[in-house]
Amino acid sequence: MVNRERPARQDEDGGAQFDLLNFARWRAERKPRLRRGVYLLPSLFTMGNMFCGYLCVLYAIRGEFDVAAPLIGVAVVLDMLDGRIARMTGTATAFGVEFDSMADVISFGVAPAVLMFMWGLHPLQRLGWAAGFIYLSAAALRLARFNIQSVKATDKRHFVGMPSPAAAAVPAATVFVYPAGIDDPRWALIALALMVVPALLMVSTIRFSSFKTIDTQQRRSYKVLALVALVIAVIQLHPSIVLLALAYLYLLSGLVGAVWGRVRRRGAAAPSA
């Protein structure tokens, strides 16, 4: 049995003197202590993200789609802030990464699936259940893959696959524009596409812009603040239309970028051939 007490020896004068060799061995054999506690500030934003997803599920079950859909948008904003704040304050931890992923599964996996089923997938019955589960599975796989790739990733400019918050914004923005719901099985195919297309994009290898290279601590021109004020004013005038356009434009940006990249590669290969 290894002695866990700090070793010491007596010198000629009778005083206690540490044996450096035994002390180093004792430090190496000592079991590492687990750090207790979490950083409160980024965890509060993650908790708010998860709470918005939970509320979205409750309001969707009650049929209040005009309240449920914007909650996913609020969750997207909180999800963007918690990681940014953790990096700026130096409080990023492995616990925070895992906690954020679990919250994202609820807010950007479970909540959009339940919202879309109650809004427009229920006329398809079992096919609607399957579409919601496919979306939820894709979101979970996307988050698991992101956690693995983020450790080794060197290109911070792009995501591999559509991010789960952006994928959840597509059905949420659609419901926000038209909260009346769908009861006709023929029109329910629209809701089916809103589940399947983002799900496929999440597990694909198509690259989407991450906007992580934007340095918020760098000095900018006053024109940038004026542009931000203009964007806020436009969103305030027609929030549902503007948010819908932003969600669909981001989705199309990945598809257009993939097609353009393939065309460029073929064009570069043709002269060499």
Side-chain angles (χ1 to χ4, degrees), residues 52-76 79 104-146 159-208 239-259:
C52 288
Y54 172 68
L55 282 183
C56 177
V57 172
L58 293 183
Y59 281 108
I61 293 175
R62 295 173 58 180
E64 300 181 22
F65 305 124
D66 55 337
V67 180
L71 287 170
I72 294 181
V74 177
V76 171
D79 181 66
D104 289 351
V105 169
I106 296 174
S107 299
F108 310 130
V110 177
V114 174
L115 175 64
M116 289 304 295
F117 180 81
M118 301 302 299
W119 179 77
L121 287 175
H122 62 89
L124 301 177
Q125 298 180 358
R126 292 187 179 182
L127 182 59
W129 302 351
F133 180 71
I134 289 173
Y135 178 88
L136 173 59
S137 301
L141 292 172
R142 171 68 181 83
L143 291 166
R145 186 178 67 178
F146 174 77
F159 292 117
V160 179
M162 190 175 188
S164 58
V170 173
T174 306
V175 175
F176 191 34
V177 170
Y178 185 72
I182 296 175
D183 295 322
D184 191 339
R186 294 172 296 179
W187 288 101
L189 296 177
I190 297 176
L192 181 66
L194 292 175
M195 284 279 93
V196 175
V197 173
L200 295 178
L201 290 177
M202 279 192 288
V203 297
S204 69
T205 56
I206 297 176
R207 294 182 178 273
F208 289 81
S240 58
I241 302 299
V242 174
L243 294 176
L244 180 70
L246 292 176
Y248 278 84
L249 284 175
Y250 187 78
L251 184 148
L252 292 175
S253 68
L255 298 177
V256 172
V259 174

Non-hydrogen atoms of [X] and [Y] that approach each other most closely:
| X | Y | value |
| --- | --- | --- |
| Arg142 | Ser164 | CG-N, 4.4 Å |
| Met162 | Val170 | CE-CG2, 4.1 Å |
| Leu243 | Ala173 | O-CB, 4.0 Å |
| Pro112 | Pro171 | CB-CG, 4.4 Å |
| Ile182 | His122 | O-NE2, 3.3 Å |
| Leu136 | Gly109 | CD1-C, 3.6 Å |

Item checked: Check: Leu194 main-chain N/O paired with Tyr135 side-chain donor or acceptor under 3.5 Å ->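 No: the side chain of Tyr135 does not pair with the backbone of Leu194.
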Notebook entry, point to check: Judged by atom type as modelled, is there a donor-acceptor pair below 3.5 Å linking the side chain of Arg207 to the main-chain atoms of Gly257?
Noted result: no
Please round to the nearest 0.5 Å and tell me the distance separating atom [atom1] of [X] and atom [atom2] of [Y].
| X | Y | atom1 | atom2 | result |
| --- | --- | --- | --- | --- |
| Phe159 | Arg145 | CZ | CZ | 12.0 Å |
| Asp66 | Tyr59 | CG | OH | 10.0 Å |
| Ile134 | Leu200 | CD1 | CG | 8.0 Å |
| Leu249 | Leu244 | CG | CG | 9.0 Å |
| Ile206 | Ser253 | CD1 | OG | 10.0 Å |
| Met195 | Phe133 | CE | CZ | 13.5 Å |

Note to self: Over 60° means perpendicular and under 30° means parallel, so tell me whether Trp119 and Tyr178 are parallel, tilted or perpendicular.
What the structure shows: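 The rings of Trp119 and Tyr178 stand perpendicular, inter-plane angle above 60°.
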Item checked: Heavy-atom neighbours of Gln125 CD exceed 12 at 6.0 Å ->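 For Gln125, atom CD is not crowded (no more than 12 foreign heavy atoms under 6.0 Å).
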Check: Around atom CZ of Phe176, are there more than 12 heavy atoms of other residues, nucleotides or ligands at under 6.0 Å?
Finding: yes
Notebook entry, point to check: Going through the checks in order, is the side chain to side chain contact (heavy atoms under 4.5 Å, CB included) test met by Val57 and Ile106?
Noted result: CA-CA 9 Å; Val57 172; Ile106 296 174; 5.7 Å; no
Notebook entry, point to check: Quick one: do the Tyr248 and Thr174 side chains pair a donor with an acceptor below 3.5 Å?
Noted result: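 Side chains of Tyr248 and Thr174: pair found under 3.5 Å.
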Check: Going through the checks in order, is the side chain to side chain contact (heavy atoms under 4.5 Å, CB included) test met by Phe108 and Leu143?
Finding: CA-CA 10 Å; Phe108 310 130; Leu143 291 166; over 6 Å; no
Notebook entry, point to check: Is there a side chain to side chain contact (heavy atoms under 4.5 Å, CB included) between Val114 and Met118 once you walk through the steps?
Noted result: CA-CA 6 Å; Val114 174; Met118 301 302 299; 4.2 Å; yes
